[in-house]
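Reviewing the structure listed below.
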Number of protein chains: 2
Amino acid sequence: MELKVLENPDLEVVASALKKAIMSKQLIVVLGECRVDYEGRAASRLEPGERLVIIKQDGAILVHRPTGYSPVNWQPPSPTIEVVYKPGIGLILHTLRDRPREYLTVVFTKILLLVVSRLRDVGEFTMYIDEKEMRDVLAKNPSLIEEGLRVLAVEKMVGGGYVDIYAVDGVGRHVLIELKRVTATREAVLQLYKYVESYRIEYGVVPRGILMAPAFSPTALETALKLGLECKHVDPKKLWELLKKGQRRKAALTDFQGRPPSNGSHQAGNI
Amino acid sequence: MELKVLENPDLEVVASALKKAIMSKQLIVVLGECRVDYEGRAASRLEPGERLVIIKQDGAILVHRPTGYSPVNWQPPSPTIEVVYKPGIGLILHTLRDRPREYLTVVFTKILLLVVSRLRDVGEFTMYIDEKEMRDVLAKNPSLIEEGLRVLAVEKMVGGGYVDIYAVDGVGRHVLIELKRVTATREAVLQLYKYVESYRIEYGVVPRGILMAPAFSPTALETALKLGLECKHVDPKKLWELLKKGQRRKAALTDFQGRPPSNGSHQAGNI
DNA sequence: CTATGCATGTCGATA
DNA sequence: TATCGACGTGCATAG
């Protein structure tokens, strides 16, 4: 891996190094004293201080202060990054993007460290469970929602949007299920209500509305009660375990395919 | 400013340097090959690759891939960070936080660069205009919303939430105004509708509902029309200019206080 | 401390 | 391309 490190470099030296690094789409890390101006959707100014500035290989720019999760200033991958050294003023980094039109200007007055590199990163990123997977697990195991439930569709178009699960319960009533992976707020209840109302208007039948979430805010519960909607607890962790088990089983099947099972009849009972 | 830079260091050396740096709350930047496991609200795995890992002075951790704005994995400022070197496995960085209970594990198999430093950053950060400021400017200049409007309150409690501006129009009708700094979606309309409904139930009067935003999505306009809510254009930039003018005037007053104004009567006309 | 709503939200999917 | 909804959203604030 290429790696260039300059400690306490001259601003003019950094300027030319930066231009080259940006041109060749390398990763740049700068520790230095700077001030930052931003204008676009909002507008901000950051007075001078020592910061960590990152220019990524796709042109994304992050200005980080020494604490906190989020960058104080940033620009998503932008095509045009300008570097200018002005004696007496400093090293100016200027970026511009359209849609939305926004600019970000970083003016370095002192550079403590410049790192230029190119990272090779093809490692896959997997999120084990998101709302979609929760939905699929529940759709495949409707008894987790309610005994006797029969799933008719996932992501059914109702009115303007899509309800997560569409089903019929044990006594034949239509059921619309909205799913949340985190604590459900009043917003989620209103979203479900919107579906229930749209469904009523469209089909002339009042369906049951079930909101499933690991927890509910008080206002969510209150609103659901008022609107005649049901709240049901669901444990994402449990679904995740189920999903993992399912994947492991699938993996196992793949692993063993073509090999005669040593005790196939015994295993079959569990599937 | 303290600054330690190690290129291609031994994992064991890095381990002790990291422990010391974390103990003394310094800023750490690592370029290296690693894999990452996360489990908490969700769960994820990141396969090996070269990444930029940052440990901030408050214990916040960011794992960045070579492209994109957002970190692929992270942990907000967490009190407990563990560093262990296991020969044959690698350098393990393990962090845990409660509320929510989440852990993040980074396993380095190769370190290309280690930077330890301490940034001094007391520069002030100013955001020129956010929704709150837009609201205040509009409340102080209600004619920008509608001629003859009289503002009764900002952030008035209605039902569960707070409506941005509460006013009475020229013919005495009550008005609820919801404000958006960006393009208003259907969600914003529903939020306003919630306020209007709550108000109707609470006071037995149907108020006007006005949604103000720089732009409206088609579904927002459609939904607003259906629900009898009004959409009004507002230009954040214009409000920002007004705000700046107000602040400049205020600044000017401060600057000149105690000094006899040279042309006070002329200025008064504009205030 | 929890609940609520904003954010330069960002990001992906979809029409 | 614009819109929509989810997010390990993070974050400040009000109660």
Side-chain angles (χ1 to χ4, degrees), chain A residues 36-44 60-63 68-78 97-104 125 127-132 134-135 155 157 160-162 164 178-188 191 215-222 236 240, chain B residues 36-44 60 62-63 68-77 97 99-104 125 127-135 155 157 159-164 178-188 191 194-195 215-223 236:
Chain A
V36 185
D37 276 293
Y38 154 75
E39 190 177 328
R41 287 165 290 180
S44 71
I61 297 181
L62 307 170
V63 180
Y69 159 81
S70 38
V72 60
N73 281 112
W74 70 93
Q75 190 86 280
S78 51
R97 73 158 166 162
D98 295 314
R99 232 168 357 267
R101 188 145 190 103
E102 295 189 300
Y103 76 72
L104 179 74
F125 177 72
M127 184 71 82
Y128 289 124
I129 194 157
D130 51 20
E131 200 185 74
K132 196 193 292 183
M134 279 179 66
R135 185 199 61 203
E155 292 292 308
M157 176 86 166
Y162 294 82
D164 289 319
E178 178 63 24
L179 193 58
K180 283 278 161 259
R181 220 182 42 69
V182 292
T183 302
T185 62
R186 192 204 299 128
E187 288 306 301
Q191 194 180 346
F216 301 86
S217 76
T219 53
L221 286 170
E222 183 197 3
W240 180 36
Chain B
V36 184
D37 276 293
Y38 153 76
E39 190 178 327
R41 285 166 291 183
S44 71
L62 307 170
V63 180
Y69 158 80
S70 37
V72 60
N73 280 112
W74 70 92
Q75 192 85 282
R97 74 156 165 163
R99 236 171 358 266
R101 186 140 188 110
E102 297 188 300
Y103 76 72
L104 179 72
F125 178 71
M127 182 70 81
Y128 289 125
I129 193 157
D130 52 19
E131 201 187 72
K132 197 193 293 182
E133 285 173 310
M134 279 179 69
R135 192 232 308 143
E155 292 293 309
M157 175 90 165
Y162 294 83
V163 70
D164 289 320
E178 176 65 24
L179 193 58
K180 284 281 159 254
R181 215 185 38 71
V182 293
T183 302
T185 64
R186 192 203 299 126
E187 288 305 303
Q191 193 180 345
K194 184 169 61 78
Y195 294 135
F216 301 87
S217 76
T219 52
L221 285 171
E222 183 197 2
T223 311

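Note on naming: letters A, B, ... go to the chains in the order of the sequence lines (proteins, then strands), and numbering restarts at 1 for each one.
The interatomic distance linking B:Ile129 (CD1) with C:dA7 (P) rounds to 10 Å, in whole Å. Atom CD of B:Glu187 is separated from atom P of C:dG5 by 12 Å (rounded to the nearest Å). Atom CG of A:Leu221 is separated from atom P of C:dT2 by 16 Å (rounded to the nearest Å). Summarising the geometry, the separation between OH on B:Tyr195 and P on C:dT4 is reported as 11 Å, rounded to the nearest angstrom. B:Lys132 places its NZ atom 10 Å from the C1' atom of C:dC6, with the value rounded to the nearest Å. In this structure, OH of B:Tyr128 is placed 19 Å from C1' of C:dA7, rounded to the nearest angstrom. Taking atom CG on A:Leu179 and atom C1' on D:dC7, their separation rounds to 14 Å, with Å as the unit. In this structure, B:Arg99 atom CZ and C:dT2 atom P are separated by 6 Å, rounded to whole Å.
Contact annotation for A:Pro100: no contact, since no heavy-atom pair falls under 4.0 Å across all strands. Within the 4.0 angstrom heavy-atom criterion, only backbone atoms of the sugar-phosphate kind lie near B:Asp130; the bases stay farther away. Across all strands, A:Arg101 comes closer than 4.0 Å to no nucleic acid atom at all (heavy-atom distances). Residue-level contact check: B:Gln75 touches the bases, meaning some heavy atom is under 4.0 Å from a base atom. Across all strands shown, B:Gly40 has no heavy atoms under 4.0 Å from either base or sugar-phosphate atoms. Using a 4.0 Å heavy-atom distance criterion, A:Glu155 is classed as making no nucleic acid contact.
When the nucleotides D:dG8, C:dT10, D:dC11 are ranked by their closest atom to the side chain of A:Tyr69, D:dC11 comes out on top. If you check C:dT8, C:dC11, D:dA6 against the side chain of A:Asn73, the one that comes closest is C:dT8. When the nucleotides D:dG8, D:dT9, D:dC7 are ranked by their closest atom to the side chain of A:Val182, D:dT9 comes out on top. Comparing atom distances between the A:Arg41 side chain and each of D:dA6, C:dC6, C:dT10 picks out C:dT10 as nearest.
In this structure, the aromatic ring of A:Tyr38 is positioned over the six-membered ring of the base of C:dT8, centres within 5.5 Å and planes within 30°. Remark: ring of B:Tyr162 not stacked against base of C:dG5; the cut-offs of centroid gap under 5.5 Å and plane tilt under 30° are not jointly satisfied. The aromatic ring of B:Trp74 sits over the base of D:dG8, with ring centres less than 5.5 Å apart and planes inclined by under 30°.
Inter-residue side-chain proximity for A:Ile61 and A:Leu104 is flagged as met; some heavy-atom pair is nearer than 4.5 Å. Under the 4.5 Å side-chain criterion, counting only non-hydrogen atoms from C-beta, B:Lys194 is in contact with A:Glu187.
Taking for each of A:Asp164 and B:Pro77 the nucleotide of DNA chain D with the nearest heavy atom, the 5'-most of the two is the partner of A:Asp164. With the nearest nucleotide of DNA chain C identified for both B:Phe125 and B:Gly68, B:Phe125 has the one nearer the 5' end. When each of B:Met157 and B:Glu102 is assigned the nucleotide of DNA chain D with its nearest heavy atom, B:Glu102 is the one assigned upstream, toward the 5' end.
OP1 or OP2 of D:dG5 has not a single side-chain nitrogen or oxygen of A:Arg181 nearer than 4.0 Å. Remark: B:Gln191 is not in phosphate contact with C:dT4, judged by side-chain N or O atoms under 4.0 Å from OP1 or OP2. Under 4.0 angstrom from either OP1 or OP2 of D:dG5 there lies at least one side-chain N or O belonging to B:Arg186. Distances shorter than 4.0 Å separate some side-chain N or O of A:Ser70 from OP1 or OP2 on D:dC11. For B:Lys180, a side-chain nitrogen or oxygen approaches OP1 or OP2 of C:dC6 to under 4.0 Å. The shortest distance between the side-chain N/O atoms of A:Ser217 and the OP1/OP2 oxygens of C:dT4 is below 4.0 Å.
Side-chain N or O atoms of B:Tyr195 include one that pairs as donor or acceptor with a backbone N or O of B:Tyr162 at under 3.5 Å.
Paired regions of DNA chain D, where each region holds three or more successive Watson-Crick or G-U pairs whose two hydrogen-bonding distances fall under 3.5 Å, are C:1-7 with D:9-15, C:9-15 with D:1-7.
B:Ala42 and A:Met127 get closest at one heavy-atom pair: CB-SD, 3.8 Å. Among all heavy-atom pairs drawn from B:Ser44 and B:Asn73, the shortest one is OG-ND2, 3.3 Å. When all heavy atoms of B:Glu178 and B:Ala188 are compared, the pair lying nearest together is CG-O, 4.5 Å. Of all non-hydrogen atoms in B:Thr183 and B:Ser217, the two that sit nearest each other are CG2-N, 3.7 Å.
Note on A:Glu102 versus A:Arg97: salt bridge recorded, some NZ/NE/NH1/NH2 to OD/OE distance being below 4.0 Å.
In terms of the side chain to side chain donor-acceptor pair (under 3.5 Å) criterion, B:Asp130 has no residue partners (sequence neighbours excluded). Every residue two or more places apart in sequence or in another chain was checked for a side chain to side chain donor-acceptor pair (under 3.5 Å) with B:Asp164, and none qualifies.
A gap of 22 Å separates the P atoms of C:dT8 and D:dG5, to the nearest Å.
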